[in-house]
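Here the structure is laid out as structure tokens; the discussion comes afterwards.
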Amino acid sequence: MLTPLFPVVPQRLGLYPVVDSLLWVERLLAAGVRTLQLRIKDKQDHEVEADVQAAIALGKGYHARLFINDYWRLAIKHQAYGVHLGQEDLASADLDAIRAAGLRLGVSTHDDMEIDVALAVRPSYIALGHVFPTQTKQMPSAPQGLSQLAAHVKRVGNYPTVAIGGISLERAAAVLETGVGSIAVVSAITQAADWQAATRALLALAGVGDE
Ligand SMILES: Cc1ncc(COP(=O)(O)OP(=O)(O)O)c(N)n1
Ligand SMILES: Cc1nc(C(=O)O)sc1CCOP(=O)(O)O
Ligand SMILES: [Mg+2]
């Protein structure tokens, strides 16, 4: 059985909002979320550094697990809890440097071939997407659906897993029934009519994650 080469994370990361601003990081930490990701797209490092640094400091203040998407150099520089990388990022990122700095690593996957690649890296967790159609990101692949998700959770064995893509409040319970350890959501919170109520309801279903 393969075990992570990167620092371990709890088996169940619980509710895992993925957000694009420091404001959302502040709001969700104050609302009780303890696993989250700052995902700012298509900017230069110098344009996002202040927000990345502030988000990491906030996360530490709440003893939360804050992952930085894409900007792995800044995540190392400011000692984030972890980094999330996609398959394309794996080729260009310095994985040894991320590991040497003691950061956790999450890796995106969308099919069995990508799971092979992720397992070879032996990250801290494996993300499985996209479960349902999503309006948040243009996806080149088809949604995997619940039965494929359950098969993928089973396949990766004891690796912590995170499901992502189109997970609404209404669908969250069925996703968790596959045995996945965490649900990552964007629009279910950021586009909700009442984001605080949505966060409370999702936290009640998925939890804050294990210690
Ligand atoms: C928890 C989680 N899973 C998947 C992704 C997608 O990451 P990636 O493939 O790197 O794509 P971008 O988010 O960078 O567009 C994620 N961010 N978080
Ligand atoms: C950022 C991202 N990555 C995905 C993947 O499958 O890798 S799906 C996704 C967007 C998820 O947003 P929502 O919860 O609004 O559907
Ligand atoms: Mg990425």
Side-chain angles (χ1 to χ4, degrees), residues 9-10 12-21 24-25 28 33-43 45 48 52 55 65-75 80-93 95 98 103-115 117-118 121 123-146 148-149 152-153 156 159-172 174-176 180-192 195 198-199 201-202 205-206 209:
V9 297
R12 298 194 162 270
L13 285 166
L15 176 64
Y16 183 171
V18 175
V19 295
D20 64 0
S21 70
W24 274 113
V25 170
L28 291 169
V33 165
R34 290 295 173 266
T35 307
L36 70 174
Q37 182 186 125
L38 181 62
R39 175 178 180 265
I40 301 173
K41 295 304 293 180
D42 305 325
K43 300 249 197 251
D45 279 25
V48 301
V52 168
R65 297 173 283 258
L66 177 81
F67 290 86
I68 301 297
N69 184 50
D70 295 347
Y71 299 96
W72 58 271
R73 288 187 188 83
L74 294 178
Y81 176 84
V83 177
H84 184 93
L85 296 177
Q87 294 271 320
E88 317 75 48
D89 309 315
L90 288 177
S92 55
L95 299 183
I98 294 169
L103 273 56
R104 290 87 183 157
L105 176 67
V107 173
S108 300
T109 69
H110 301 92
D111 56 31
D112 275 296
M113 221 174 66
E114 293 190 356
I115 291 173
V117 173
V121 170
S124 308
Y125 74 77
I126 293 180
L128 303 164
H130 53 310
V131 185
F132 302 110
T134 176
Q135 303 299 312
T136 303
K137 178 176 171 173
Q138 279 231 308
M139 303 300 302
S141 51
Q144 57 180 284
L146 288 172
Q148 193 63 248
L149 174 66
H152 285 155
V153 169
V156 303
Y159 263 91
T161 48
V162 176
I164 187 167
I167 303 175
S168 61
L169 178 56
E170 295 71 27
R171 288 166 161 164
V175 176
L176 289 163
V180 77
S182 171
I183 49 170
V185 301
V186 181
S187 53
I189 288 177
T190 62
Q191 304 297 312
W195 71 265
T199 303
L202 286 162
L205 286 169

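We're numbering straight along the sequence, starting at 1. First listed ligand is number 1; within each ligand, the first listed atom is number 1.
By the 3.5 Å distance cut-off applied to N or O atoms, Gly86 is counted among the residues near ligand 1. Distances between N or O atoms of Ala184 and those of ligand 2 include no value under 3.5 Å. Geometrically, ligand 2 and Thr136 share a nitrogen or oxygen pair separated by less than 3.5 Å. At least one N or O atom of Gly166 sits closer than 3.5 Å to an N or O atom of ligand 2. Checking only distances, Ser187 does come within under 3.5 Å of ligand 2, N or O to N or O. Looking at ligand 1, you'll find an N or O of Asn69 within less than 3.5 Å of one of its N or O atoms.
Here the side chain of Thr35 pairs a donor or acceptor atom with the backbone of Leu13 at under 3.5 angstrom. A donor-acceptor contact shorter than 3.5 Å links the side chain of Thr109 to the backbone of Ala127. Without hydrogens or angle criteria, Tyr71 side chain to Lys43 main chain gives a donor-acceptor distance under 3.5 Å. Between the Ser168 side chain and the Ala188 main chain, no donor and acceptor come within less than 3.5 Å of each other. Side-chain N or O atoms of Glu114 include none that pairs as donor or acceptor with a backbone N or O of Gln87 at under 3.5 Å.
With Ser108, Gly129, Pro17 as candidates, the residue nearest to atom 9 (O) of ligand 1 on a non-hydrogen basis is Ser108. Of the listed options Lys137, Gln37, Gln138, His84, Lys137 places a heavy atom closest to atom 11 (O) of ligand 1.
Looking at residues two or more places apart in sequence or on another chain, you find no side chain to side chain donor-acceptor pair (under 3.5 Å) involving Tyr159.
Counting only heavy atoms of the protein, atom 14 (O) of ligand 2 lies nearest to Val186 N, 3.0 Å. Ranking protein heavy atoms by distance to atom 6 (O) of ligand 2, first place goes to His110 NE2, 3.1 Å. Residue, atom and distance of the protein heavy atom nearest to atom 9 (C) of ligand 2 are Ile164 CD1, 3.9 Å.
In Lys41, the part holding a heavy atom less than 4.0 Å from any atom of ligand 1 is the side chain.
Counting atoms of ligand 2 from 1 in the listed order, those under 4.0 Å from a heavy atom of Met139 are 5 (C), 6 (O). Interface atoms of ligand 2 facing Thr134, defined by a heavy-atom separation under 4.0 Å, are 10 (C), 11 (C), 12 (O), 13 (P), 15 (O), 16 (O). For ligand 2, the atoms closer than 4.0 angstrom to any heavy atom of Gly165 are 8 (S), 16 (O).
The closest approach between Glu88 and ligand 1 stays at or above 4.0 Å for every heavy atom of the residue. For the pair Val185 and ligand 2, a heavy-atom separation below 4.0 Å is found.
In this structure, Lys41 does not pair ionically with Asp20, as no charged nitrogen and carboxylate oxygen lie closer than 4.0 Å.
Partner of Ile189 under the side-chain contact (heavy atoms from CB on, under 4.5 Å) criterion, chosen from Leu202, Leu169, Val18: Leu202.
Closest N/O/S atom of Asp70 to the Mg ion (ligand 3): OD1.
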